Structures are given as C-alpha cells and as structure tokens.
Amino acid sequence: MELKANIPSGPMEQKWEKHRFDVKLVNPANKRKYTVLVVGTGLAGASAAASLAELGYKVKAYCFQDSPRRAHSIAAQGGINAAKNYCNDGDSVHRLFYDTVKGGDYRAREANVHRLAEISVNIIDQCVAQGVPFAREYGGLLANRSFGGTQVSRTFYARGQTGQQLLLGAYQALERQIGLGAVEMYPRTEMLDVILVNGAARGIVTRNLVTGKIESHVGDAVCLATGGYGNLFFLSTNAKQCNVTAIWRAHRKGACFANPCFTQIHPTCIPVSGDYQSKLTLMSESLRNDGRIWVPQQKGDKRAASQIPEGERDYYLERRYPSFGNLVPRDVASRAAKAACDEGRGVGPGGLGVYLDFGDAIKRLGENNVRDKYGNLFEMYERITDEDPYKQPMRIYPAIHYTMGGLWVDYNLQSTIPGLFVLGEANFSDHGANRLGASALMQGLADGYFIIPYTIGHYLANSKLDKVAPDDPVSKAAVGEAADRINKLLAVKGKRSPDSFHRELGKVMWDNCGMGRNAAGLQKALQRIPELREEFWKNIAVTGSGDEFNQQLEKAGRVADFLEFGELTCTDALHRNESCGGHFREEYQTPEGEAKRDDENFAYVAAWEWKGVGEKPVLNKEPLNFEIVHPTQRSYK
Amino acid sequence: MKLKLHIWRQKGPKAQGKMVTYEVPDASEHMSFLEMLDVLNERLIEKGEDPVAFDHDCREGICGMCGFVINGLPHGPKQATTTCQLHMRSFKDGDEITLEPWRAGSFPIVKDLAVDRGAFDRVIAAGGFVSVNTGAAQDGNAIPISKTIADLAMDAAACIGCGACVAACPNAAAMLFVAAKVSHLNLLPQGKPEKYARARNMVAQMDKEGFGNCTNARECEAACPKTIGVEFIARMNRDFLTGSLFDRPEGTGGGGA
C-alpha cells in the first residue's frame, strides 16, 4: 500500500496557510446536505462535532458513557501548551515546534507538528472566549507554568483540572449545537464497526448499551475520536472503559495502524497497592516543578524517608541531568525510576516506588503556597494512600498513560480508508515516539476545532458520494456481522470473566512490552497472546443477554479486540530494532543507559496492514524527512 | 475485613427492584469501594450469577460517572469524596453497608445502581454555554479578569455533574448543579452578555425535567464531592430574578431593518 502523506509543498511555516487556501470549500447551503458521524466526545470529538455543526454540517455524535461530558480527556490534570510567549522567556511557534519534534525523539512528521504549534495560540483564545476559567495572575492576565521537556513556561492551566475545564468548554459548545438541533447525540452507544461503500467510510454499526439494539448509521464521512489504547496493559491511568475497539475495527476494515509500540509511561503515578488494583492514578507532571525525586543511596535502605539524612539521598534526576533536572521528559524520567528500583533502591511495598519530595518547596514557598498550587493533587494522594504528602514524601512509580501510536493519517487527518478521519489520541499523530506534557490537550483541540473543519470540507467537495440508505445491503451485512459476534461471545458460556483475561493480557504486555523491551520477551509475548486468545474464545463467561444493559458483554467485546491488538503491538515493538522515546529496547542503549536511536534504518512511520486474525500483518513505511530539526542524540544533560 | 452488603437490584428501567444481601468475607482496607465491588462481581460471575451494574469510568473522582447512595449518604461517609475515591479504610470489620441508586424521578434507573442523568445534559443545552463559534475569538489576554473572580468561577466550574446534589436533596432539586454552571459563566466577562437569558432558560429546563424546588435544606452542599457551596444558588436566584423582572426576553427587541 502506498502511504500518501499529502504534505503541502513550500516552506515549513507557510504549509498550513497555503493548504488552507488550496483546500476546496463547501458553500454554506451545501453543507446542510452532508452528514458527518463523529465517534467519541472527548476534546477532539466534542470540539469537532461542535465546530462542524457551527459550520452547517449535519452531525451525529456518539459516546459510550452516559453523557458526552464523561470522556477521559476530563481527567487530564496539568495543562495545555501554547506558544503565546506571554512570559517573555523566549518562546515562539518555532520553539514549540522544535521542542515537540525533539521531545518525540524524531519520529513525528514535521509538517504536522509545525501546524500544531501554529494553532496552539488560537486554542487558548477560543477556550478563554468559551469561559474556561484558566488560572490568572493578580493583574488579571493568564498565568503560565513550566512542564517537562521544555525550558520555557508555556503551559496554561486551571488548577489541577485543566482537562476537565477544556472538555467542559467543548462539551458546552457541543450541547449548544444539540440544543439548536444541529447535532444528534447518541450517549450510551458503542461503535462496533465501520461501514464501507465503494471503499469509502459511509457509516458505522452501533450497539445501544441500554437496550442492546444493534443498528447502522450512515452519512458522508466518519470521524473517529475514540482515544488511546493504554488499557491494553489493564493497569493504566486511563479510565476503565477506554478501549481500542473503534480504531481496531476500522483497522480490520483497511485503515493502517501506525507505531502501536509507541506507548507512553508516565513517571509520576501512585504505585500499585494489591492484586485487586483496578487502575492507576496519575499525579500531574506539574508536581515535578517543585517536587524533588530521590531514592536512598544504599540498596535496601528500609528507614522512613525522614530518617534518611540529606547526604544519603540520591536525587538521581538532578545528578544525571543537571540542566533539566526533575523536568526531564517522561520517557527519561520513567526509565530512570525503573533503573533505581532495579538496583534495589526502590521504596515502599515491593520496592516499586521512588520519592517525590516537597520538603524543600514547603520550606521555600510555605505550605500555603504549595497548597494553592497543588492542593487538590495532594488531597487525592492522601485519599488513596492515607499518607500526608505535606509531612512525608509522595511515593510514585511509572504507569502506562498515553499512546502515541494510533491509526495512520495523512496531513488532512484522513486514514487509509477514504472518508475515515481520525482525531486526537486515536491517530498516530504529532508526538512521535514520546509526547511532551500538556501537549495532548493541545493536539486534541487542534484537530477538532481548527483542522478537521478545513480538511473534511476538502474531502466532501472532491468526492462523489451517492446516497446510502440505512437499510442498504452493505449496512445490513455489517449489522449482521456485529450481531453474530455478540452472539458468539454469549454462546461460549465458559468459566473465566472478561476482567480475568484482561488482567492476564495486561501482565503479559507490561512484563514484555512495557518500560523495557527485548527480543526474547517480545517473542514470548507473541507466543502467549494467541494462546490466551484461543482460551478466551473457548472459556469466556459472559453473564446475561445481548438485549439489555450488560457491562460484562461490553467488556468481553473490548477484551476480544485487545487480544488481537496486543499481538500487533508486540510485532511492532519486535521489528523496531532501536530505542526511541517510549520504545526502549534493552539491546539498543548507550553505555550510560540512554536510548539509542537508529536513524539510518528506522526513521519511518510503521503503518501496519491487517491480514486476518493470527496472520502476519504487512508493514508499510512512511519515511520521515527532517528539513528543519535535524535529528541528534537527544540530550537533557 | 468481613462485610455484609445490601444492594438494590433492578433488572431494567421498568422492572420491579429489591434489596439483595451479599457477603464479602475478605475486603482489604486499601481497596477502593469500587474495587471491593469488582471483587464481589468477579465471584458472582464465577457462580454464573448476574453481577451488580454500576456506572464508573475514570476512578479518579473527576468524570462524574460513578456514584450511589452508601448507608443513606450519596458517595458515602467521607466528605468531598466521590464513590470511586472512597476507600475501605472508611469502614470496619463486620460493617453492614446499604447501596442504593440515586433516587430522583428525573434520574430513571437503568439497571441496579446505574441511573440516567440525561436531564443534566438537557439543562446544559438550554443555556449552559457561551454562544461563541470556533474561530472568532480575540486574544486570550485581551480582557483581564481579576484573580478573585477567576478563582470563584473555577470553584463553581469544578462541578463534575455526578448528581449527588439531587440524590441528597429531600426535594430532588437540581439547584446546586444548575447554579454552579450559571455562576461559573455569569461571573466571567465572556458569559455576561447572556447572563439573564442563561439563568432563565436553564431554570426553565430544570423545571421541565421535573426536578424539585429548593427549600434551603443544604443537603446538596454537604453531599457535593467537589464542595460546591450554596452561595452559588443565591447568585443564580439573583440573576434569575433580575432576569425575569427587568431583562427583556429575546425576540421582543426593537426590530430594525
């Protein structure tokens, strides 16, 4: 398959402007004739659905939660980046672009990243206009803070609830369009498949999660904004219901899946407390602005943190990376924590934790100022662990948090299926092999508010789309297939719950395709996953029936897809014989233990093509050319 | 710890429900409340019984999807804590715990402990927004907003839409939810142009959804996991009253060419 990235010609800083002029427009009267289906209502989906409806398109939007406001974007804590340079500290569009390409370990498409940096400033303006209550300085102007992987303060925030406030802004814009009748909203509705007519995406198959009814919805284009696949690992910071089903089903219908092995492990999460653990909770990266990370110098030091004198502590990030210190990017910080624990210097139960210490910050700023900045995060930590972070250091450990991989898209955010657009975390996007903090919110909103409204019009204006009836034979067949699959799940009547399979798969993934990966481990996983999948289809226990509210059935369907997808992720990780960003192959490291990239052989996007369950997927490569930011060994020392 | 749970089981919206008793012999104090229910559900599945349905998603206290009444209190005994953030250390060995769904006519039961809160979305659609289209915004720093006002707006905006306020209210009123959104937007300069219409329209929709009236019981404030205060209800009442008495409703303007 030929991957056409459709990157506009011309100088980097003029590509997007030129492209906006070159794209075809749909006149306002004609927009009414087009229906766009938007799946997912997080930052990308809600902003896209609202913006497209404002333009005049007919929009249908879908989410599996009880309300569009619940999407997991809501849990983002720290902030959103924008190259406003309000702090007069040397920021610019070019610097945000540069930081993001470098932070992504040179595995992102430059033209996309530049566009993202340009648009970042419009996002803040838009959100302020919607009434997002960003933090402000006493003079009334917007406040900024710094974040990992950068040396400027460009992060806008609303306490520790930035994602919530940005999502509510987009949700309210969406509700306004629902109230005006421009968007038809389908909550508690899960997408089960994409419907293709003459090779183009023209609809989706959904299941009403309350009644169990399976039906088709047709339109002129489909946007998937269904988030990331971090729950492949079972334990992650994602919401419990986040899943890969929508993009995996699209992949099976012909959309290439790009770089699935690029998964982000966030360094600051609350450690696992027991085998009943259902998810992991993130402590915002913003805490690394004032918290200092350390472990005891001595192996197996069991003394309480307060009993360990300053001289016997190892502030390993400050020691190893003096210029970025505690603010190194996430992949670097996570690996360093793992290294400290592997050496036997970890703290807390099982030795799987490092300290994040606010002692110095409290001395320097006073407890009240620390409370003002991080109060809600400290409370959340105390509620979960029953330890008071004002008195003793937090214990943190890395956990799966974000997935840079996703469906392959061109510059227009269109997948390899015409008419199927992919937005936000669901696409392979702009973050390369590692995402910088406060960039996910930026990307989700850039895609939804400012990119898709232009690029989808171009597609619609250029395509000849005959009307498709909801009872078209193709739709009927797709509905039938989805129903068969549900019945198959219900018919097994085995002994093991969906969660028990999910937990086991997650452990296989975390042990072999987590923070450190090697060929032997990946091969082991590639052997184990098909076995587990086989057992799943023989022994899955789904209680209840298909025509009712059945949460176990929902889970079982999602786990079934993860069991196919996990294999692809390991295949991708095994083929990429280099270390870059979140993908750390133990065989490829420098003598100091840093990631060793191989630009000669791997400076490409790996876009995999589906060939069937258990069949070897076909690898397609999109070469990455760096015109502006020349790849160098990434250094934060 | 050993626990006895009395849980409301109801097959569907129209089915007859009843309390059913379950035992959890080995809960750990480090478990979250929902993890304890996960353990119960896994055992029910092993026995081929229907597990307890409850809504949940982020399990970090921010999505607002979880929540039921625990021993008579929405989200349980711990102040400022959602059900998902409640841990079993708040209970002790031998406790009996009663679990019921939010009880309000405007929140029909979907199954067991899960309810339909679509009424909240419809209230937001009636006016809980600033009417600004994508692309037309001026620079974010063009209008300074005092830190005090921005912080107060943020206090109101912290609402997660969980519905605990409705469940706690003896009248099943949604005043705190609606007031939080009206106040958040009406406090900010961006929300001011529509402030009176917003208060009127959202209150009208709230009434239409069948939520009860406020009688100042203040149970909502006590139950709110985000500690949103009833002062916002006073703010909304003021905007609603002023808006109803003195503001010219839309559509009766001076005409024009």
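Sequence lines set the chain letters: A, B, ... in the order given, protein chains first and strands last, and positions in each chain run from 1. Every value quoted in this text rests on a predicted model; they were computed, and no experiment measured them.
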Minimum heavy-atom separation for B:A157 to A:P133, with atom names? CB-CG, 3.9 Å
Between the side chain of B:N141 and the main-chain N/O of A:L141, is any donor-acceptor distance below 3.5 Å? no
Whether the side chain of B:H184 engages the backbone of A:G131 through a donor-acceptor N/O pair (distance < 3.5 Å, no angle test) should be reported. yes
Contacting region of B:N186 [heavy-atom separation from chain A under 4.5 Å]: neither
Roughly how far, to the nearest 0.5 Å, is the CD1 atom of B:I124 from the CZ atom of A:R176? 14.5 Å
For B:I145, which atoms come within 4.5 Å of any heavy atom of chain A: side chain, backbone, both, or neither? both
Heavy-atom distance under 4.5 Å to chain A: side chain of B:V52, backbone, both or neither? backbone
N/O donor-acceptor pair under 3.5 Å between A:R70 side chain and B:C63 backbone: yes
B:Q138 versus chain A, the contacting section by heavy-atom distance below 4.5 Å: backbone
Does B:D55 come within less than 4.0 Å of A:R188, counting only side-chain N to carboxylate O? yes
Contacting region of B:S131 [heavy-atom separation from chain A under 4.5 Å]: both
Minimal non-hydrogen separation, B:E60 against A:A75, with atom names: OE1-CB, 3.8 Å
Measure the CD-CG distance between A:Q172 and B:L185 for me, rounded to the nearest 0.5 Å. 5.5 Å
Is the backbone of B:C159 close enough, under 3.5 Å, to the side chain of A:Q164 for a donor and an acceptor to pair up by distance? yes
Pick one of side chain, backbone, both or neither for B:H56, based on which atoms fall under 4.5 Å of a heavy atom in chain A. both
Can you confirm whether the side chains of B:D26 and A:Y276 place a donor and an acceptor under 3.5 Å from each other? no
Does the B:E46 side chain pair with the main chain of A:K495, one donor and one acceptor, at a distance under 3.5 Å? no
Please check this pair: side chain of B:D57 against backbone of A:Q241, looking for a donor-acceptor N/O pair closer than 3.5 Å. yes
Does B:D38 come within less than 4.0 Å of A:K240, counting only side-chain N to carboxylate O? no
Can you tell me which portion of B:A126 sits under 4.5 Å from chain A's heavy atoms? Options are side chain, backbone, both or neither. neither
Would you call A:E548 and B:K11 a salt bridge, taking side-chain N to carboxylate O under 4.0 Å as the test? yes
Report which part of B:I143 has an atom under 4.5 Å of a heavy atom belonging to chain A: side chain, backbone, both, or neither. backbone
Under a 4.5 Å heavy-atom cut-off, does chain A meet the side chain of B:D121, its backbone, both or neither? both
Applying a strict 4.5 Å limit to non-hydrogen atoms, the region of B:D151 in contact with chain A is both
Interatomic distance, CD@A:Q126 vs CG@B:N133, rounded to 0.5 Å, equals 8.0 Å
Could you tell me which portion of B:V132 (side chain, backbone, both or neither) has an atom closer than 4.5 angstrom to a non-hydrogen atom of chain A? both
Using only atom types and a distance under 3.5 Å, with no angle test, would you say the side chain of B:R59 pairs donor to acceptor with the backbone of A:N238? no
Would you find a donor on one side and an acceptor on the other, under 3.5 Å apart, between the side chain of A:E175 and the backbone of B:G128? no
Rounded to the nearest 0.5 Å, what's the gap from CD on A:Q551 to CZ on B:F54? Could you check? 7.0 Å
